[in-house]
Amino acid sequence: QNEFNRTSHFKGADGTLYFGGLNGVTAFHPKDFYANNAQSGSGNAGKNLVLSDFQLFSGSSENLENRTADLLAGKIILQPSDRYFQLEFALLDYFSPQKVTYFYKIEGMDADWNILPEPLLRLSGLPFGTRRLKVRAQSADGTWAANELDYQLTVLPPVYLRWWFIL
């Protein structure tokens, strides 16, 4: 569940935290986060970078559309009329998520990695063609995420630049 009552919380004698919500009580012990981190690898090496949202402002519908499911194949395909898209992501770091630094790079366009001030990447006005979009993250203690997000990014050319139109 993701909604809790503000005043319905309790800390047990053993350190277990209890939160009352709409569907009952959720309980956990903070040491469990440390145990999960130790099992997933050494230190932060086991922390994964995940995509949490992909939205596209479609030129055909004039709406911001949730296209997160489209990324299962690892491809982003943009029509010439699409205005922009945005990706939201998170490093699964429970200890200092606000201090995580995110980077992105579009191979063939960027020589170096670009720093993001927040876990949100919004891109527009990309030239047509196919490139690789990569995203990576570094936790507050300087260790890198165990993985990189890597997507094929295709911006289709406008109709007047397609081979069949030119022919």
Side-chain angles (χ1 to χ4, degrees), residues 1-4 17 19 21-23 26 28-157:
Q1 68 194 42
N2 58 10
E3 188 172 336
F4 297 94
L17 301 175
F19 295 94
L22 298 176
N23 295 323
T26 300
F28 68 92
H29 197 288
K31 71 177 175 152
D32 294 339
F33 288 108
Y34 293 103
N36 288 340
N37 189 38
Q39 290 172 3
S40 63
S42 60
N44 287 343
K47 294 181 182 172
N48 288 321
L49 177 62
V50 296
L51 176 79
S52 57
D53 193 34
F54 169 47
Q55 299 213 11
L56 171 73
F57 192 89
S58 172
S60 59
S61 71
E62 294 291 323
N63 288 316
L64 191 61
E65 300 173 357
N66 187 329
R67 300 275 184 94
T68 307
D70 294 351
L71 285 184
L72 293 175
K75 296 179 182 181
I76 300 171
I77 300 174
L78 302 175
Q79 299 294 327
S81 61
D82 293 339
R83 300 229 175 119
Y84 70 89
F85 73 93
Q86 63 186 31
L87 296 172
E88 290 185 50
F89 28 83
L91 180 65
L92 302 180
D93 181 0
Y94 304 110
F95 302 110
S96 55
Q98 70 281 3
K99 295 182 181 179
V100 173
T101 306
Y102 297 92
F103 302 85
Y104 81 94
K105 181 179 185 177
I106 300 175
E107 291 182 348
M109 288 182 62
D110 300 321
D112 294 319
W113 289 87
N114 300 294
I115 298 174
L116 294 168
E118 58 187 346
L120 172 72
L121 172 61
R122 182 177 289 141
L123 293 172
S124 65
L126 296 171
F128 65 87
T130 300
R131 297 166 182 81
R132 302 287 319 166
L133 170 62
K134 296 188 175 202
V135 179
R136 63 184 185 178
Q138 187 177 34
S139 65
D141 67 0
T143 57
W144 291 97
N147 64 318
E148 242 179 36
L149 300 179
D150 185 357
Y151 300 105
Q152 179 180 314
L153 173 61
T154 302
V155 181
L156 299 174

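Here the structure is a predicted model, which is why all the values come from computation and not from measurement.
Listed by chain and number, the residues in a side chain to side chain donor-acceptor pair (under 3.5 Å) with D70 amount to none (sequence neighbours excluded). Partners of Q138 under the side chain to side chain donor-acceptor pair (under 3.5 Å) rule, at least two apart in sequence or in another chain, do not exist in this structure. Every side-chain contact (heavy atoms from CB on, under 4.5 Å) that V155 has, sequence neighbours left out, goes to L78, L126, F128. Listed by chain and residue number, I77, T130, Q152, L156 satisfy the side-chain contact (heavy atoms from CB on, under 4.5 Å) test with T154 (two or more places apart in sequence, or in another chain). With sequence neighbours excluded, the residues forming a side-chain contact (heavy atoms from CB on, under 4.5 Å) with R131 are I106, M109, P127, listed by chain and number.
Closest of all the heavy-atom pairs between P157 and P80 is O-CG, 3.3 Å. The two atoms that bring D82 and S58 nearest to each other are OD1-CA, 3.5 Å, heavy atoms only. When all heavy atoms are compared, the tightest approach of F19 to L17 is CE1-CB, 3.7 Å. Of all heavy-atom pairs between L87 and F89, the closest is O-CE2, 3.7 Å.
The salt bridge (Lys or Arg N to Asp or Glu O under 4.0 Å) contacts involving residues 54-65 comprise E62-R83, E65-R67, where partners must be two or more places apart or lie in separate chains. Under the ring pair (Phe, Tyr, Trp, His ring centres under 6.0 Å) criterion, the residue pairs touching residues 48-78 are F54-F85, F57-Y84, with sequence neighbours excluded. For the salt bridge (Lys or Arg N to Asp or Glu O under 4.0 Å) condition, the pairs that include at least one residue of residues 106-130, sequence neighbours left out, are E107-K134.
Y151 places no side-chain N or O within 3.5 Å of a backbone atom of V135 that could act as its donor or acceptor partner. Looking at D53, its side chain never comes within 3.5 Å of a backbone N or O of Q55 through a donor-acceptor pair.
To the nearest 0.5 Å, the span separating NZ on K99 from CG on L91 amounts to 14.5 Å. Of the inter-residue distances, the one linking L133 atom CG with E148 atom CD reads 10.0 Å to the nearest 0.5 angstrom. With rounding to the nearest 0.5 Å, the separation of CG in L123 from CD in Q86 is 10.0 Å.
Side-chain contact between L49 and Y102 is present, with at least one heavy-atom pair separated by less than 4.5 Å.
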